[in-house]
Amino acid sequence: QVQLVESGGGLVQVGDSLRLSCAASGRTDSTRTMGWFRQAPGKEREFVAAISWSGGSTNYAGSVKGRFTISRDNTKITVFLQMNSLKPDDTAVYYCAASRTDLFRGSYDYWGQGTQVTVSS
């Protein structure tokens, strides 16, 4: 089993930066792929970014590519999302997720409770 706990969300202004963290506990082999998703009010949950177990491969949604960076520290079983040049459209609850497989956009097995990010103009 894996438990994921997100932190780092908050209220910021357009153009600001935030760094989200996701601490995982449990089976390391159940976090081969880790990713971030987000869900805004009235919208479907959408994929944001994912990273492989080694950290050598990443994948980003087109809306955040060039602004967001995903990374991980396997010694602490932690994944990060550095968010720069934030826009109002980035406002959402951000969820950390983990997968037992190597598929970036496949089904994820474990989910955190989410952390709120609000970007005001």
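When reading the values below, keep in mind they use all heavy atoms of this one structure, side chains included, and skip hydrogens, waters and symmetry mates.
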K.L.:
Considering all heavy atoms of both residues, which atom of Gly9 and which atom of Leu20 are nearest to each other, and what is their separation?
P.N.:
N-CD2, 3.6 Å
K.L.:
How far apart are the closest heavy atoms of Ser17 and Asn84, and which atoms are they?
P.N.:
OG-OD1, 2.9 Å
K.L.:
For residues Leu103 and Tyr110: do they belong to one hydrophobic cluster (side chain heavy atoms under 4.5 Å, members Ile, Leu, Val, Met, Phe, Trp, Tyr)?
P.N.:
no
K.L.:
I'd like to check the salt bridge (charged side-chain N to carboxylate O under 4.0 Å, His left out) partners of Arg27; sequence neighbours left out, ordered by chain and number.
P.N.:
Asp29
K.L.:
Taking all non-hydrogen atoms of both residues, which atom of Glu6 and which atom of Gly114 are closest, and how far apart?
P.N.:
OE1-N, 2.9 Å
K.L.:
Check whether more than 12 heavy atoms from other residues, nucleotides or ligands sit under 6.0 Å from atom CD of Gln113, and answer yes or no.
P.N.:
no
K.L.:
Is there a donor-acceptor pair under 3.5 Å between the side chain of Thr91 and the backbone N or O of Val119?
P.N.:
yes
K.L.:
Give the cluster check for Ile51 versus Trp53: same hydrophobic cluster or not, with ILVMFWY residues linked at side-chain heavy-atom distances below 4.5 Å.
P.N.:
no
K.L.:
Any ring pair (Phe, Tyr, Trp, His ring centres under 6.0 Å) involving residues 2-52? Give me the pairs, sequence neighbours left out, ordered by first then second residue.
P.N.:
Phe37-Phe47, Phe37-Tyr108, Phe37-Trp111
K.L.:
Should Glu46 and Arg38 count as side-chain neighbours, where that means a heavy-atom distance under 4.5 Å?
P.N.:
yes
K.L.:
Excluding sequence neighbours, so at least two apart, what forms salt bridge (charged side-chain N to carboxylate O under 4.0 Å, His left out) with Arg32?
P.N.:
Asp102
K.L.:
If you look at every heavy atom in Val2 and Ala24, which pair is closest and at what distance?
P.N.:
CG1-CB, 4.3 Å
K.L.:
Roughly how far, to the nearest 0.5 Å, is the NZ atom of Lys76 from the OG atom of Ser25?
P.N.:
15.5 Å
K.L.:
Show every disulfide (SG to SG under 2.5 Å) that has at least one partner inside residues 1-118, sequence neighbours left out.
P.N.:
Cys22-Cys96
K.L.:
Who pairs with Asp109 by salt bridge (charged side-chain N to carboxylate O under 4.0 Å, His left out), at least two apart in sequence or on another chain?
P.N.:
Arg100
K.L.:
For Arg72, what residues pass the salt bridge (charged side-chain N to carboxylate O under 4.0 Å, His left out) criterion, not counting sequence neighbours?
P.N.:
none
K.L.:
Are Thr115 and Ser7 close enough that some pair of their side-chain heavy atoms sits under 4.5 Å apart?
P.N.:
no
K.L.:
For the OG atom of Ser85 and the CG atom of Asp16, what is their distance to the nearest 0.5 Å?
P.N.:
9.5 Å
K.L.:
Got a sec, which pairs hit ring pair (Phe, Tyr, Trp, His ring centres under 6.0 Å) with one end in residues 71-97, sequence neighbours left out?
P.N.:
none
K.L.:
Rounded at 0.5 Å granularity, tell me how far CD1 in Ile77 sits from CD in Gln3.
P.N.:
12.0 Å
K.L.:
Which heavy-atom pair separates Phe104 from Thr33 by the least distance, and what is that distance?
P.N.:
CD2-CG2, 3.9 Å
K.L.:
Going by the salt bridge (Lys or Arg N to Asp or Glu O under 4.0 Å) test, which pairs reach into residues 17-26, not counting sequence neighbours?
P.N.:
none
K.L.:
Quick one: list whatever passes side-chain hydrogen bond (donor to acceptor under 3.5 Å, both in side chains) with Gln13, sequence neighbours left out.
P.N.:
none
K.L.:
Do you know the tightest heavy-atom contact between Thr31 and Met34?
P.N.:
O-CG, 3.7 Å
K.L.:
Name all residues meeting the side-chain hydrogen bond (donor to acceptor under 3.5 Å, both in side chains) criterion together with Thr75; count only those two or more places apart in sequence or in a different chain, and write none if there are none.
P.N.:
Asp73
K.L.:
Return each pair, listed once, that meets ring pair (Phe, Tyr, Trp, His ring centres under 6.0 Å) where at least one residue sits in residues 1-25; pairs must be two or more places apart or across chains.
P.N.:
none
K.L.:
Got a list of side-chain donor-acceptor pairs under 3.5 Å for residues 56-66, not counting sequence neighbours?
P.N.:
from, atom 1, to, atom 2, distance (Å)
Asn59, OD1, Arg105, NE, 2.9
Asn59, OD1, Arg105, NH2, 2.9
Tyr60, OH, Ile70, N, 2.9

K.L.:
To the closest 0.5 Å, what do you measure between OG1 (Thr118) and CG (Asp90)?
P.N.:
11.0 Å
